[in-house]
Undergrad: 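This is the structure, below, for whatever I ask next.
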Amino acid sequence: MEGRRAPIANGSEPAQVKIDGKRVNLVDRLELYADVFSKEDHKEILECVFRLRDLGRAGLLREKTYSEPEKWMRGNGRITIQCGCCYNFALKDGVPPEILQHDQVDLMPTILKKMIKRMVRWRVLPVDCILNSCIINIYDRGDYIPPHIDHHDFVQPFSTVSFLHECDILFGKEIVVLGPGEFRESFKILLPIGSILVLQKNGADLAKHCITGVPTRRVSVTFRG
Ligand SMILES: O=C(O)CCC(=O)C(=O)O
């Protein structure tokens, strides 16, 4: 079986930047796949996501698995659920963002492990990739993810599956923040429902990425090694 490569619908010019005087493609090796998961798969995966959210809200997950910020301003309510490995996002008490290797989060649920197996079987991901962690993002209307590069200690490729609503993902060597959930990028592509975005090389190492404020609820699941 092979995953169907989806055409990359981008609303901007190819992302060329100059580094040491040389032109490089900022999103080199970026791939998008479609139709790897069925409608039934979507239902089962989303049931698992919302079950985890409910367990998190009830305080029944490990402390660092579940995070739901106080929504004190437009767009900052994105829920995150980390499984398999914990990433410390914010600079806290002088500690830089880092991967915490200790067992401080819950393990990946079986259905998410099955997603990885399917992506490998369908050649979306290489057979030798070892993905043992994932982050689930639940965005409500207006929520966004600010420009960032996934920590270099994570093993590439990264793969993100989109659910419930399509949205643009923005890339840029630098991304200008215009307001809460509003950014100016050098390159953007549409992530349709069910699509799998595979990020590696420049697209992961060099380019920052972000999601603008979403018009309605959206869920993404990102796998990393
Ligand atoms: O929601 C998405 O599509 C992107 C997620 C992401 O960039 C992240 O979790 O680091």
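Quick caveat, the model's predicted, so the values are computed rather than measured. Below, all heavy atoms of this structure are taken into account, side chains as well, without hydrogens, waters or symmetry copies. By convention here, the first residue in the shown sequence is residue 1.
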Undergrad: Tell me who clusters with Val17, hydrophobic residues only, linked when side chains sit under 4.5 Å apart either directly or through other members.
TA: Ile19, Val24, Leu26, Leu206
Undergrad: Evaluate whether atom CZ of Arg123 has more than 12 neighbouring non-hydrogen atoms of other residues, nucleotides or ligands under 6.0 angstrom away.
TA: no
Undergrad: Got a sec: does the CZ of Arg4 have more than 12 other heavy atoms crowding it under 6.0 Å?
TA: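 Atom CZ in Arg4 is crowded, with more than 12 foreign heavy atoms closer than 6.0 Å.
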Undergrad: Which value, rounded to the nearest 0.5 Å, describes the distance between Cys85 atom SG and Phe154 atom CZ?
TA: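 These two atoms lie 5.0 Å from each other.
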Undergrad: Strictly below 4.0 Å, N to O, side chains only: are Arg217 and Asp140 in salt-bridge contact?
TA: yes
Undergrad: Side chain of His152, backbone of Asp150: donor and acceptor closer than 3.5 Å?
TA: no
Undergrad: Can Arg5 and Tyr33 be counted as having a side-chain donor-acceptor contact under 3.5 angstrom?
TA: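 Their side chains do contain a donor-acceptor pair, which is all the 3.5 Å distance test asks for.
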Undergrad: Are any of the side-chain nitrogens in Arg118 or Asp41 under 4.0 Å away from the carboxylate oxygens of its partner?
TA: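 Yes, this pair counts.
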Undergrad: Calculate, to the nearest 0.5 Å, the distance between atoms CZ and CD belonging to Arg62 and Gln82 respectively.
TA: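 The CD atom of Gln82 is 13.5 Å from CZ of Arg62, to the nearest 0.5 Å.
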Undergrad: If you look at every heavy atom in Asp143 and Gly77, which pair is closest and at what distance?
TA: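 Closest approach of Asp143 to Gly77: OD1-N, 3.0 Å.
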Undergrad: Val36 versus Val124: any side-chain heavy-atom pair under 4.5 Å?
TA: yes
Undergrad: Hey, are Gln156 and Asp205 close enough side-chain-wise for a donor-acceptor pair under 3.5 Å?
TA: yes
Undergrad: Taking NZ, NE, NH1 and NH2 as the nitrogens, is one of them in Glu47 or Arg51 under 4.0 Å from a carboxylate oxygen of the other?
TA: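 Salt bridge absent between Glu47 and Arg51.
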Undergrad: With a 4.5 Å cut-off on side-chain heavy atoms, are Leu125 and Ser159 touching?
TA: yes
Undergrad: Under the criterion side-chain contact (heavy atoms from CB on, under 4.5 Å), which of Ile45, Ile193, Ile136 is the partner of Phe163?
TA: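 Considering Ile45, Ile193, Ile136, a side-chain contact (heavy atoms from CB on, under 4.5 Å) with Phe163 is found only for Ile45.
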Undergrad: Give the other cluster members for Ile149, using side-chain heavy-atom distances under 4.5 Å between Ile, Leu, Val, Met, Phe, Trp and Tyr residues; answer none if it is isolated.
TA: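 Members besides Ile149: none; it forms no cluster.
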Undergrad: Would you say the side-chain atoms of Asp106 and Thr65 include a donor-acceptor pair closer than 3.5 Å?
TA: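 Checked: Asp106/Thr65 side chains pair up, N/O donor to acceptor below 3.5 Å.
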Undergrad: Any donor-acceptor pair under 3.5 Å linking the side chain of Asn202 with the backbone of Asn25?
TA: yes
Undergrad: If the plane angle is over 60° it's perpendicular, under 30° parallel, otherwise tilted; pick one for His209 and Phe171.
TA: tilted
Undergrad: Apart from Val176 itself, which Ile, Leu, Val, Met, Phe, Trp or Tyr residues share its cluster (side-chain heavy atoms under 4.5 Å, direct or through members)?
TA: Leu178
